[in-house]
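A quick write-up on the structure given underneath.
Nothing fancy with the numbering, it's 1 onward along the sequence.
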Amino acid sequence: EPAAVARAGAATRSADAAYSEAAFRLAAQRYTRSAARLSRLDVSRVETTAAADGRIAELFALGREAIERNRLSLPADASALYYALEIETLQPGRPEAAELMTGIQQRYIALANGQLSRGQGAKAKRYADMAVAMGAEEADVATIRRRADGLLERQFQPGDRVVEAEDLEMVALPLGDFTMGARSSALEDFAGNIGELLGSLFGNDERDYSGGDTEVPPHRVSISSPVAISRCEITVEQFRRFIDSSGYRTDAELHGYTNALLDDREVRMSGKNWRHNYLGKPAAGDEPVINVSQRDAQAYARWLSSVTGASYRLPSESEFEYAARAGTTRLLPWSGGTPPAASGNFRGQQDTPPNGWRTAANLRAVPRYGDGYFGPAPVGSFGNNAFGFSDTLGNVSEWVDDCFQSDYTGKGPAQAARRDGNCDFAVVRDTAWSDDARLLRLSYRQRRASSYSSNTVGFRVARDLRTGSDRR
């Protein structure tokens with residue numbers, strides 16, 4: 001049925017090209033229009049001439065060629081589905097149309113089995129869905145669905161890396177418990193250590209841990225439901241594919257501006273959005289996407305779920321801190337105050353800001369440190385932590401899925417995001433390239449409106465590894 005094709009079409013791409021959802025909608029609309037034409041067709045006037053037979057033979061040959069090239073339902077005017085519908089429009093009931101539809105079903109089933117052999121359960125389910133949408137029986141794909149569900153549960157082991165959506169590399173978290181947040185005394189010790197470093201540089205007292213009152217009390221959290229998180233932040237190029245495919249407009253585009261840290265003051269930068277870097281110039285494809293809101297990040301995750309058949313979302317705050325800590329109980333991955341060389345993209349005393357920007361040293365930069373960047377670095381530039389993740393400390397701050405709570409009182413051991421309270425405000429984790437040394441810690445969190453966007457905030461995604469929603 002046309003409606004079934006349209007539903008399945010939202011999650012489908014051709015095997016040989018990354019067609020957009022907009023193009024598939026055109027194919028579904030073509031299917032609907034053709035069906036409507038058939039319902040109005042006066043069968044007594046259907047062409048039966050040799051010319052019609054010749055046209056049908058031509059369409060049938062084109063349809064078979066399209067099947068061989070895996071152009072099954074896209075593009076809208078040159079797919080096997082299109083040619084089958086054209087034959088049916090010319091002469092309803094022609095066996096050539098039915099043969100093409102059977103060929104489309106069988107090719108989708110073959111593609112699904114091919115994905116199973118590669119261990120790609122989500123893609124196998126997507127192709128199985130399309131086979132059914134094109135008329136296959138559920139019984140024809142029942143084994144595929146069962147095997148795919150098994151793969152979705154078992155294919156990841158802790159630390160495994162799997163590329164499921166083009167170049168998006170996901171890393172499975174090991175299961176375990178950890179202490180989330182920080183004790184007030186630990187924050188004070190941390191502030192003292194940083195203060196000594198800053199004081200040695202500036203000759204004043206910098207004993208402060210701005211924002212630390214939201215990071216208490218420390219509490220045990222259990223990461224008990226299998227989940228994978230993207231190794232790096234989502235890039236500009238990855239986000240571009242989402243925009244091109246869905247036609248989505250970000251909050252910054254709708255508002256007409258984004259927030260930007262320029263010359264160490266937050267200002268509104270008109271006409272700038274996800275396409276731009278921290279200075280408002282065109283962003284490189286391998287940079288982390290910035291100038292996006294939590295709502296934009298959640299929309300990207302929903303789209304990613306639709307095109308893969310898997311369950312993508314933003315990480316919860318618990319999952320993010322667990323991945324960032326990677327087994328350490330300290331507030332920093334290293335001992336002492338000054339980071340080892342190439343530890344990450346932090347605001348370093350030795351980094352050179354652009355012209356017109358006040359020197360990093362004048363605003364509590366990390367003493368005696370430089371990483372070669374002022375502004376976001378290309379994702380993955382500084383290697384991985386012990387759990388296999390990059391940039392979970394530094395580069396850009398990141399949206400998580402939680403609504404903001406003023407502290408961890410009453411939170412408990414839950415792995416899942418906290419969605420109670422006022423969800424107009426959300427949690428941002430991680431310190432950014434612009435943050436001063438007092439904020440450089442693994443427990444740091446901040447409160448932002450869910451529609452807020454900035455040149456310091458990006459995101460990464462998480463993927464549930466079980467077919468049901470069983471996170472606790």
Problem set entry | side chain to side chain donor-acceptor pair (under 3.5 Å) pairs, two or more places apart, involving residues 56-66 | Arg55-Glu58
Problem set entry | Ion pair Arg460/Glu398, N-O distance below 4.0 Å | yes
For this session: Mark yes or no for whether Asp296, through its side chain, and Thr250, through its backbone, hold a donor-acceptor pair below 3.5 Å.
Result: no
Problem set entry | ring pair (Phe, Tyr, Trp, His ring centres under 6.0 Å) partners of Tyr278, counting only residues at least two apart | Trp433
Problem set entry | Under 3.5 Å: donor-acceptor pair, side chain of Arg429, backbone of Tyr444 | yes
For this session: Might you work through the side chain to side chain donor-acceptor pair (under 3.5 Å) test for Gln105 and Asp140, ending with a clear yes or no?
Result: CA-CA 10 Å; Gln105 297 162 21; Asp140 297 333; over 6 Å; no
For this session: Can you measure from CZ (Arg445) to OG1 (Thr214) and round to the nearest 0.5 angstrom?
Result: 4.5 Å
Exercise. Would Ser443 and Glu215 count as a side chain to side chain donor-acceptor pair (under 3.5 Å) if you check the C-alpha gap in whole Å, the side-chain angles of each, and the deciding distance to 0.1 Å?
Worked result: CA-CA 6 Å; Ser443 59; Glu215 300 162 31; 2.6 Å; yes
Exercise. For the side chain of Asn113 and the backbone of Ala110, is there at least one donor-acceptor N/O pair under 3.5 Å apart?
Worked result: no
For this session: Quick one: pull up CG in Asp402 and CG in Leu314 and give me the separation to the nearest 0.5 Å.
Result: 9.5 Å
Exercise. Is the Lys NZ or Arg CZ of Arg231 less than 6.0 Å from the centre of Phe389's six-membered ring, within 45° of the axis?
Worked result: no
Exercise. What distance do Ser79 atom OG and Leu85 atom CG have between them, rounded to the nearest 0.5 Å?
Worked result: 8.0 Å
For this session: Determine, stepwise, if the pair Leu262 / Met269 fulfils side-chain contact (heavy atoms from CB on, under 4.5 Å).
Result: CA-CA 9 Å; Leu262 296 174; Met269 203 158 44; 3.8 Å; yes
For this session: Check step by step if side-chain contact (heavy atoms from CB on, under 4.5 Å) holds for Cys403 and Arg418.
Result: CA-CA 6 Å; Cys403 304; Arg418 299 176 80 182; 5.8 Å; no
Problem set entry | Donor-acceptor under 3.5 Å (Ser390 side chain, Gly383 main chain) | yes
For this session: Please lay out, stage by stage, how Phe425 and Tyr452 fare under the test ring pair (Phe, Tyr, Trp, His ring centres under 6.0 Å).
Result: CA-CA 9 Å; Phe425 293 92; Tyr452 172 87; over 10 Å; no
Exercise. Is the shortest side-chain N to carboxylate O distance from Arg313 to Asp464 below 4.0 Å?
Worked result: yes
Exercise. Do Gln294 side-chain atoms and Val400 backbone N/O form a donor-acceptor pair below 3.5 Å?
Worked result: yes
Problem set entry | Shortest non-hydrogen contact from Ala78 toward Ala66 | O-CB, 4.3 Å
Exercise. What residue pairs, at least two apart or across chains, pass salt bridge (charged side-chain N to carboxylate O under 4.0 Å, His left out) with a residue in residues 269-288?
Worked result: Glu253-Arg275
Problem set entry | Expected output: side-chain Gln106 to main-chain Gly103 donor-acceptor under 3.5 Å | no
For this session: Enter the distance from Leu393:CG to Asn385:CG here, rounded to the nearest 0.5 Å.
Result: 9.5 Å
For this session: Taking all heavy atoms of Met180 and all of Ser318, pick out the closest pair and write down the distance.
Result: SD-OG, 3.6 Å
Exercise. Using a distance-only test with no angle check, is there a side-chain donor-acceptor pair under 3.5 angstrom linking Thr456 and Ser454?
Worked result: yes
Exercise. Between the main-chain N or O of Asn273 and the side-chain N or O of His276, is there a donor-acceptor pair closer than 3.5 Å?
Worked result: yes
For this session: Applying side chain to side chain donor-acceptor pair (under 3.5 Å), name anything that partners Glu138, two or more places apart in sequence or on another chain.
Result: Arg145
For this session: Please test Asn70 against Leu111 for side-chain contact (heavy atoms from CB on, under 4.5 Å), starting from the C-alpha separation and ending with a verdict.
Result: CA-CA 9 Å; Asn70 286 330; Leu111 290 169; 4.1 Å; yes
Problem set entry | Glu319 side-chain N/O to Ile223 backbone N/O, donor-acceptor pair under 3.5 Å | no
For this session: Assess the pair Tyr312 and Tyr300: is the distance between their ring centroids shorter than 6.0 Å?
Result: no
Problem set entry | Electrostatic pair Glu88-Arg94, nearest N-O below 4.0 angstrom | no
Exercise. How far does CZ of Phe239 sit from CD1 of Ile234, to the nearest 0.5 angstrom?
Worked result: 9.5 Å
Exercise. Rounded to the nearest 0.5 Å, how far does CG of Asp430 lie from CG of Leu442?
Worked result: 8.5 Å
Problem set entry | Under the salt bridge (Lys or Arg N to Asp or Glu O under 4.0 Å) test, residues paired with Asp167 that sit two or more places apart | Arg241
Exercise. Hey, do the aromatic rings of Tyr248 and Phe242 have their centres closer than 6.0 Å?
Worked result: yes
Exercise. When you measure from the side chain of Glu233 to the backbone N and O of Val379, does any donor-acceptor pair fall under 3.5 Å?
Worked result: no
For this session: Applying side-chain contact (heavy atoms from CB on, under 4.5 Å), run through Phe382 and Tyr373 and close with a yes or a no.
Result: CA-CA 11 Å; Phe382 295 93; Tyr373 293 95; 3.8 Å; yes
Exercise. Judged by modelled atom types alone, do Thr258 and Ser453 share a side-chain donor-acceptor pair under 3.5 Å?
Worked result: yes
Problem set entry | Any residue meeting side chain to side chain donor-acceptor pair (under 3.5 Å) with Asp251, in chain and number order, not counting sequence neighbours | Ser293, Arg295
Problem set entry | Minimal non-hydrogen separation, Asp435 against Ser397, with atom names | OD2-OG, 4.1 Å
For this session: Output yes when a side-chain donor or acceptor of Arg419 lies under 3.5 Å from a complementary backbone atom of Asp401, and no otherwise.
Result: yes
